[in-house]
Amino acid sequence: MDDKMTTETDLMYQTMGISDAVLQFGKEIERKLKSRFDAIDQRAEYNQLKVLHAMQKNRVSENCFQYVSGYGYNDRGRDTLECVYADTFHTDAALVRPQITCGTHALALALSANLRPGDELLSPVGKPYDTLEEVIGIRPSKGSLAEYGIAYRQTELKENGYFDYPAIESALNERTRLVTIQRSKGYLTRPSYSVKEIGELISFIKARKPDVICMVDNCYGEFVETQEPSDVGADMIVGSLIKNPGGGLAPIGGYIAGRNDLIENCAYRLTSPGLGKEVGASLGVMQSFYQGFFLAPVVVSSALKGAIFAANIYEHLGYRVIPNGTETRHDIIQAVELGTPEGVIAFCKGIQAAAPVDSYVSPEPWAMPGYDSDVIMAAGAFVQGSSIELSADGPMKEPYAVYFQGGLTWPHAKLGILKSLQFMVDNKLVTI
Ligand SMILES: *Cc1c(COP(=O)(O)O)cnc(C)c1O
């Protein structure tokens with residue numbers, strides 16, 4: 001930037017409540033990240049071309065955005081979008097629908113559609129995401145897979161967070177029908193896995209049981225790398241449209257992409273036997289689905305820059321950050337162990353204060369269903385609960401960590417992190 005621009009931008013930061021000390025500290029950190037940011041931009045460039053190529057190949061046109069209601073027979077926008085997803089992820093088929101209400105629903109659908117009574121489900125990566133516990137019936141729940149006679153087994157991860165191959169080998173048996181692999185660590189402390197590592201795990205499993213279905217929970221992972229798990233042997237990948245692939249514009253939805261027969265099963269389960277993919281009107285959301293998917297590679301790159309910037313800022317100040325400041329990224333989540341309740345609260349208040357929506361609201365810790373401690377959440381989002389938008393939350397318990405993710409644009413993610421630091425400084429929780 002030229003000097004005049006720098007001054008104008010600095011003045012805007014001042015107007016937005018960022019002190020010169022915080023701003024200079026941030027600039028110093030950002031300067032050191034240039035080569036990493038360049039690498040992220042290069043991956044975004046590749047992924048942008050991948051999405052565009054799929055859109056052009058499938059002849060996306062204005063009439064794909066038309067409002068379709070009722071049964072939704074011949075909903076060209078919906079059918080074409082599913083081809084765009086399938087081509088982008090290099091799968092036979094995809095199901096991408098507003099009728100899939102969230103990521104948990106998409107995962108529950110993929111599982112219940114492809115498992116039958118007597119089958120066994122295996123998680124070779126330890127405990128799955130919290131909400132999956134009730135889907136599977138690890139915690140007894142109405143309508144769980146367990147109620148339908150589907151068994152579940154998991155193998156624990158090794159001390160270092162990676163796969164225990166001998167344990168996985170002995171867990172596979174004649175009833176094992178489907179293996180579920182979660183790419184992102186979610187809110188656990190284990191590592192998130194690279195596409196390459198997932199590919200190796202799938203190869204190991206398929207070498208021992210070729211007919212087993214390998215499904216990957218791809219939440220928070222889309223477009224972080226240039227390949228997806230479907231490029232390395234996954235039979236199905238599953239995710240939420242209010243995370244990465246919705247690009248911040250999709251107001252609802254989930255996707256499943258994979259092998260033809262498996263996606264067909266999902267469609268018959270989502271709607272009805274006999275109807276499958278043929279029904280399910282897109283109700284006017286198609287333009288946002290297309291446009292969000294088009295933007296997603298660059299939106300994900302903004303979120304990644306934010307995560308790396310936050311990691312380096314807080315690591316420099318002596319906090320433990322997961323992943324650390326230099327590690328390769330496999331998802332968009334950043335954890336920062338602030339160590340005190342005051343730290344978690346100040347961080348989240350800063351993120352909220354930087355938001356485009358509800359910036360004047362001050363988040364407070366609160367009891368939340370499904371959590372065993374109070375939780376504070378910062379989210380000034382256009383779409384309720386959207387976590388591709390800049391958001392943070394922290395359970396009020398040891399080790400007092402905040403989980404931070406999203407950011408539709410890098411400048412917004414940067415402001416959010418500087419604001420969090422400003423709140424920490426103003427509350428005398430940290431000195432810079
Ligand atoms: C978010 C998430 C889910 C569930 O998605 P929802 O849209 O919140 O239901 C499942 N698995 C992982 C790894 C996630 O990050």
Side-chain angles (χ1 to χ4, degrees), residues 95-112 121 123-136 138-139 141 143-145 154 157 161 178-195 197-198 215-225 228-229 234 236-248 250-257 270 289 292 296 300 303-304 307 322-323 329-335 368-371 375 377 379 381 383-393 395 401-406:
L95 199 60
V96 188
R97 306 265 167 146
Q99 287 85 9
I100 302 177
T101 55
C102 60
T104 304
H105 185 191
L107 289 157
L109 175 62
L111 292 171
S112 59
L121 167 67
S123 170
V125 295
K127 189 184 100 60
Y129 196 76
D130 261 17
T131 55
L132 268 280
E133 291 187 12
E134 287 180 274
V135 170
I136 295 167
I138 300 171
R139 274 185 285 148
S141 182
S144 69
L145 295 174
Q154 78 186 35
L157 295 164
L178 198 153
V179 172
T180 178
I181 301 165
Q182 187 180 310
R183 177 171 174 183
S184 166
K185 64 179 168 300
Y187 302 121
L188 298 172
T189 49
R190 61 127 164 123
S192 294
Y193 303 122
S194 70
V195 169
E197 286 158 354
I198 291 170
M215 177 187 97
V216 175
D217 174 352
N218 209 23
C219 284
Y220 287 132
E222 297 89 353
F223 300 125
V224 171
E225 302 182 36
E228 299 295 335
M236 276 191 290
I237 60 173
V238 184
S240 161
L241 298 202
I242 62 168
K243 294 179 181 173
N244 305 15
I252 190 171
Y255 80 90
I256 307 170
L270 175 64
F289 278 25
V300 169
L304 280 171
I322 308 145
R329 301 280 153 161
H330 305 302
D331 63 24
I332 63 166
I333 301 182
Q334 180 63 48
M368 297 274 299
Y371 289 85
V375 181
M377 294 194 170
V383 172
Q384 184 194 98
S386 166
S387 48
I388 187 61
E389 297 187 52
L390 191 66
S391 48
D393 45 66
V402 287
Y403 297 88
F404 161 89
Q405 67 270 309

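Scope of the values below: all heavy atoms of this structure, side chains included, with no hydrogens, waters or symmetry mates. Note that ligands are numbered from 1 as they come in the structure, with each ligand's atoms numbered from 1 the same way.
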Practice item. Verify the distance criterion only: is there a donor paired with an acceptor across the side chains of S144 and E134 at less than 3.5 Å? Key: no
Exercise for review: Quick one: look up the protein heavy atom nearest atom 7 (O) of ligand 1 and list residue, atom name and how far away it is.
Suggested key: G103 N, 2.8 Å
**Study point:** Backbone of Y220 reached by a side-chain donor or acceptor of R183 within 3.5 Å
**Key:** no
Check your understanding: What atoms in ligand 1 come closer than 4.0 Å to a heavy atom of Q182?
Key -> 13 (C)
Exercise for review: Give a yes or no answer on whether the side chain of Q334 reaches the backbone of I322 with a donor-acceptor pair at less than 3.5 Å.
Suggested key: yes
Check your understanding: Below 4.0 Å from any atom of ligand 1, is there a heavy atom belonging to L107?
Key -> yes
Point to revise | ligand 1 contacted by K243 (non-hydrogen, < 4.0 Å) | key: yes
Check your understanding: With side chains defined as the heavy atoms from C-beta onward, is the minimum distance between I333 and S192 less than 4.5 Å?
Key -> no
Review point. Which ligand 1 atoms are under 4.0 Å away from a heavy-atom of S240?
Key: 7 (O)
Study note, to complete from the structure: So the atoms of ligand 1 within less than 4.0 Å of a heavy atom of T104 turn out to be 4 (C), 5 (O), 6 (P), 9 (O)
Exercise for review: Classify the side-chain pair Y129/T104 by whether it contains a donor and acceptor separated by less than 3.5 Å.
Suggested key: no
Check your understanding: Heavy-atom distance to atom 11 (N) of ligand 1: which of I252, N218, D217, L241 wins?
Key -> D217
Exercise for review: Show which atoms of ligand 1 fall inside a sub-4.0 Å distance from at least one heavy-atom site of Y220.
Suggested key: 15 (O)
Check your understanding: Which atoms form the tightest heavy-atom contact between V238 and A110, and what is the distance?
Key -> CG2-CB, 4.0 Å
